[in-house]
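Structure first, commentary second.
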Amino acid sequence: KQWYQRRVRAHPKVPITGWNTMRDDPEGNKFWKFFESRYSVKEFAKKCYVATYCPMLYVDSNGKEIPPPCLPHHLRNQVISVCDMHIIDIVDILKPSIIVAIGGFTFQQVGKLFCSREVGPMVFPLLHPAPANPITAKRWSATVNDQLVYAGVPQLIAGADYVPFGKDEKKKKRCHQD
(Lines give C-alpha, C1' and ligand atoms only; values in the text may rest on other atoms or scores of the structure.)
Protein backbone atom coordinates (compact mmCIF):
# COMPACT_ATOMS: atom_id res chain seq x y z
CA LYS A 1 0.00 0.00 0.00
CA GLN A 2 2.73 2.50 0.93
CA TRP A 3 4.74 1.72 -2.22
CA TYR A 4 1.65 2.21 -4.36
CA GLN A 5 0.59 5.45 -2.65
CA ARG A 6 3.98 7.01 -3.34
CA ARG A 7 3.63 6.36 -7.07
CA VAL A 8 0.04 7.41 -7.74
CA ARG A 9 -2.12 10.38 -6.96
CA ALA A 10 -5.00 9.20 -4.82
CA HIS A 11 -8.31 11.01 -5.19
CA PRO A 12 -9.50 12.50 -1.87
CA LYS A 13 -12.89 10.79 -2.30
CA VAL A 14 -11.28 7.42 -3.08
CA PRO A 15 -8.40 6.90 -0.64
CA ILE A 16 -6.06 3.96 -1.12
CA THR A 17 -6.79 1.62 1.79
CA GLY A 18 -5.64 -1.72 0.40
CA TRP A 19 -7.17 -4.75 2.10
CA ASN A 20 -8.73 -2.47 4.72
CA THR A 21 -11.16 -0.93 2.26
CA MET A 22 -14.70 -0.44 3.49
CA ARG A 23 -16.00 0.67 0.09
CA ASP A 24 -19.16 -1.15 -0.98
CA ASP A 25 -18.90 -3.15 -4.19
CA PRO A 26 -22.39 -4.29 -5.26
CA GLU A 27 -21.04 -6.06 -8.34
CA GLY A 28 -18.44 -8.00 -6.39
CA ASN A 29 -20.97 -8.80 -3.67
CA LYS A 30 -23.37 -10.22 -6.23
CA PHE A 31 -20.59 -12.32 -7.82
CA TRP A 32 -19.37 -13.77 -4.51
CA LYS A 33 -22.86 -14.42 -3.15
CA PHE A 34 -23.65 -16.38 -6.32
CA PHE A 35 -20.67 -18.70 -5.80
CA GLU A 36 -21.14 -18.93 -2.03
CA SER A 37 -24.69 -20.17 -2.63
CA ARG A 38 -23.35 -23.08 -4.69
CA TYR A 39 -19.93 -24.07 -3.34
CA SER A 40 -17.96 -24.14 -0.14
CA VAL A 41 -15.01 -21.77 0.00
CA LYS A 42 -12.65 -24.75 0.17
CA GLU A 43 -14.25 -26.44 -2.86
CA PHE A 44 -14.18 -23.22 -4.90
CA ALA A 45 -10.61 -22.27 -3.91
CA LYS A 46 -9.22 -25.69 -4.91
CA LYS A 47 -10.20 -25.24 -8.54
CA CYS A 48 -10.77 -21.53 -9.15
CA TYR A 49 -8.74 -18.35 -9.06
CA VAL A 50 -10.38 -14.96 -9.43
CA ALA A 51 -8.41 -12.05 -10.88
CA THR A 52 -9.50 -8.76 -12.29
CA TYR A 53 -8.56 -7.85 -15.84
CA CYS A 54 -7.68 -4.32 -14.80
CA PRO A 55 -6.27 -4.24 -11.26
CA MET A 56 -6.16 -0.43 -11.30
CA LEU A 57 -8.89 2.08 -10.49
CA TYR A 58 -9.27 5.26 -12.50
CA VAL A 59 -11.60 8.01 -11.30
CA ASP A 60 -12.82 11.32 -12.65
CA SER A 61 -12.62 14.64 -10.80
CA ASN A 62 -15.73 13.70 -8.79
CA GLY A 63 -14.29 10.36 -7.68
CA LYS A 64 -16.53 8.34 -10.03
CA GLU A 65 -14.91 5.23 -11.51
CA ILE A 66 -13.85 5.34 -15.16
CA PRO A 67 -13.74 1.82 -16.63
CA PRO A 68 -10.86 1.12 -19.07
CA PRO A 69 -13.02 1.32 -22.23
CA CYS A 70 -14.06 4.86 -21.22
CA LEU A 71 -10.55 6.20 -20.65
CA PRO A 72 -9.12 8.73 -23.15
CA HIS A 73 -7.73 6.88 -26.17
CA HIS A 74 -4.03 7.60 -25.50
CA LEU A 75 -4.34 6.36 -21.91
CA ARG A 76 -6.69 3.46 -22.73
CA ASN A 77 -4.14 1.78 -25.01
CA GLN A 78 -1.42 2.02 -22.35
CA VAL A 79 -3.72 0.63 -19.66
CA ILE A 80 -4.93 -2.23 -21.86
CA SER A 81 -1.35 -3.16 -22.65
CA VAL A 82 -0.51 -3.41 -18.92
CA CYS A 83 -3.73 -5.31 -18.20
CA ASP A 84 -2.99 -7.77 -21.02
CA MET A 85 0.48 -8.44 -19.58
CA HIS A 86 -1.09 -8.93 -16.13
CA ILE A 87 -3.49 -11.60 -17.46
CA ILE A 88 -0.81 -13.30 -19.57
CA ASP A 89 1.43 -13.54 -16.49
CA ILE A 90 -1.38 -15.09 -14.43
CA VAL A 91 -2.17 -17.61 -17.16
CA ASP A 92 1.50 -18.48 -17.63
CA ILE A 93 1.83 -19.18 -13.89
CA LEU A 94 -1.49 -20.97 -13.22
CA LYS A 95 -2.01 -22.64 -16.63
CA PRO A 96 -5.83 -22.76 -16.40
CA SER A 97 -7.89 -24.82 -18.83
CA ILE A 98 -10.79 -22.34 -18.68
CA ILE A 99 -10.98 -18.58 -18.34
CA VAL A 100 -14.35 -17.07 -17.53
CA ALA A 101 -14.24 -13.42 -18.55
CA ILE A 102 -16.73 -11.24 -16.71
CA GLY A 103 -18.29 -8.60 -18.94
CA GLY A 104 -18.14 -7.92 -22.64
CA PHE A 105 -15.04 -5.75 -22.55
CA THR A 106 -13.03 -8.29 -20.56
CA PHE A 107 -14.24 -11.14 -22.76
CA GLN A 108 -13.20 -9.19 -25.86
CA GLN A 109 -9.75 -8.37 -24.49
CA VAL A 110 -8.97 -11.78 -23.00
CA GLY A 111 -10.38 -13.44 -26.10
CA LYS A 112 -7.90 -11.52 -28.26
CA LEU A 113 -5.08 -12.89 -26.11
CA PHE A 114 -6.07 -16.57 -26.05
CA CYS A 115 -8.82 -17.53 -28.52
CA SER A 116 -6.55 -17.56 -31.54
CA ARG A 117 -4.05 -19.93 -29.91
CA GLU A 118 -4.19 -23.62 -30.75
CA VAL A 119 -3.30 -24.52 -27.17
CA GLY A 120 -4.07 -22.88 -23.88
CA PRO A 121 -7.22 -21.96 -22.01
CA MET A 122 -10.65 -21.73 -23.55
CA VAL A 123 -12.28 -18.35 -22.92
CA PHE A 124 -15.96 -18.06 -22.04
CA PRO A 125 -18.08 -14.96 -21.39
CA LEU A 126 -19.95 -14.24 -18.17
CA LEU A 127 -22.58 -11.54 -17.87
CA HIS A 128 -21.28 -8.62 -15.82
CA PRO A 129 -23.26 -8.02 -12.61
CA ALA A 130 -23.43 -4.24 -13.20
CA PRO A 131 -26.58 -2.75 -11.66
CA ALA A 132 -27.12 -0.65 -14.80
CA ASN A 133 -27.58 -3.81 -16.89
CA PRO A 134 -31.34 -4.59 -17.13
CA ILE A 135 -30.68 -8.35 -17.29
CA THR A 136 -28.68 -8.12 -14.08
CA ALA A 137 -31.71 -6.96 -12.12
CA LYS A 138 -34.02 -9.67 -13.46
CA ARG A 139 -32.12 -12.78 -14.50
CA TRP A 140 -28.44 -12.41 -13.66
CA SER A 141 -28.13 -15.57 -11.53
CA ALA A 142 -30.00 -17.76 -14.02
CA THR A 143 -28.06 -16.37 -16.99
CA VAL A 144 -24.71 -16.73 -15.23
CA ASN A 145 -25.60 -20.26 -14.13
CA ASP A 146 -26.29 -21.22 -17.77
CA GLN A 147 -23.06 -19.58 -18.94
CA LEU A 148 -21.00 -21.40 -16.31
CA VAL A 149 -22.60 -24.76 -17.14
CA TYR A 150 -21.82 -24.15 -20.80
CA ALA A 151 -18.19 -23.46 -19.87
CA GLY A 152 -18.02 -26.58 -17.70
CA VAL A 153 -17.24 -24.72 -14.48
CA PRO A 154 -19.61 -26.61 -12.13
CA GLN A 155 -18.21 -29.90 -13.41
CA LEU A 156 -14.67 -28.60 -12.96
CA ILE A 157 -15.32 -27.56 -9.36
CA ALA A 158 -17.44 -30.50 -8.21
CA GLY A 159 -15.88 -33.18 -10.42
CA ALA A 160 -17.63 -36.54 -10.14
CA ASP A 161 -19.88 -35.08 -7.44
CA TYR A 162 -21.48 -32.63 -9.88
CA VAL A 163 -25.24 -32.35 -9.54
CA PRO A 164 -27.14 -29.85 -11.71
CA PHE A 165 -28.41 -26.76 -9.87
CA GLY A 166 -31.77 -26.85 -11.60
CA LYS A 167 -33.89 -29.54 -13.18
CA ASP A 168 -33.66 -27.87 -16.62
CA GLU A 169 -29.89 -27.51 -16.56
CA LYS A 170 -28.15 -29.38 -19.35
CA LYS A 171 -24.52 -29.56 -20.38
CA LYS A 172 -24.03 -27.81 -23.70
CA LYS A 173 -21.29 -28.39 -26.23
CA ARG A 174 -18.14 -26.69 -24.99
CA CYS A 175 -17.24 -24.15 -27.61
CA HIS A 176 -15.77 -20.84 -26.57
CA GLN A 177 -16.87 -19.12 -29.77
CA ASP A 178 -20.64 -19.63 -29.35
Check your understanding: Can L148 and F35 be said to form a side chain to side chain contact (heavy atoms under 4.5 Å, CB included), step by step?
Key -> CA-CA 11 Å; L148 291 170; F35 281 97; 3.7 Å; yes

Point to revise | Which residues share a side chain to side chain donor-acceptor pair (under 3.5 Å) with N29, sequence neighbours left out | key: D24

Practice item. List for me each residue that meets side chain to side chain contact (heavy atoms under 4.5 Å, CB included) alongside A130, sequence neighbours excluded, and say none if there are none. Key: E27, H128

Exercise for review: Sequence neighbours left out, what passes side chain to side chain contact (heavy atoms under 4.5 Å, CB included) with K138? Give chain and number order.
Suggested key: none

Point to revise | Between CG on residue D146 and OG on residue S141, distance to nearest 0.5 Å | key: 11.0 Å

**Study point:** Closest approach of N145 to R38 (non-hydrogen atoms, all atoms of both residues)
**Key:** OD1-NE, 3.7 Å

Revision key, fill the gap. Contacts satisfying side chain to side chain donor-acceptor pair (under 3.5 Å) that involve residues 72-94 (not counting sequence neighbours) are Y53-D84, H73-R76, H73-N77

Practice item. Can you see which heavy atom on I98 is nearest to which on P121, and at what distance? Key: N-CB, 4.2 Å

Exercise for review: Kindly work out whether a path of hydrophobic side-chain contacts (I/L/V/M/F/W/Y, heavy atoms less than 4.5 Å apart) joins I90 to I93.
Suggested key: yes

Check your understanding: Can you check whether L127's main-chain N or O pairs, donor with acceptor, with W140's side chain at less than 3.5 Å?
Key -> yes

Practice item. Please report the C-alpha distance between Y49 and F44 in whole Å, then the side-chain angles of each, then the deciding distance to 0.1 Å, and finally whether the side chain to side chain contact (heavy atoms under 4.5 Å, CB included) criterion is met. Key: CA-CA 8 Å; Y49 179 81; F44 184 82; over 6 Å; no

Tell me which donor-acceptor pairs under 3.5 Å the side chains of residues 55-71 have, and how far apart each pair is, sequence neighbours excluded?
{"from": "D60", "atom 1": "OD1", "to": "N62", "atom 2": "N", "distance (Å)": "2.9"}
{"from": "D60", "atom 1": "OD1", "to": "G63", "atom 2": "N", "distance (Å)": "3.1"}
{"from": "D60", "atom 1": "OD1", "to": "K64", "atom 2": "N", "distance (Å)": "2.9"}

Point to revise | Straight-line distance of I157 CD1 to K47 NZ, nearest 0.5 Å | key: 9.5 Å

Practice item. Step by step, work out the side chain to side chain contact (heavy atoms under 4.5 Å, CB included) result for F124 and V153. Key: CA-CA 10 Å; F124 294 93; V153 172; over 6 Å; no

Pair up each side-chain donor or acceptor in residues 106-115 with any protein partner under 3.5 Å, not counting sequence neighbours, and list the distances.
{"from": "T106", "atom 1": "OG1", "to": "I102", "atom 2": "O", "distance (Å)": "3.4"}

Exercise for review: Taking all heavy atoms of V123 and all of A101, pick out the closest pair and write down the distance.
Suggested key: CG1-CB, 4.4 Å

Review point. What is the distance from atom OG of S97 to atom CG of L156, rounded to the nearest 0.5 Å?
Key: 5.5 Å

Study note, to complete from the structure: So OG1 of T143 and CG of L126: to nearest 0.5 Å the spacing works out to 9.5 Å

Check your understanding: Rounded to the nearest 0.5 Å, how far does CD of E36 lie from CZ of F31?
Key -> 10.5 Å

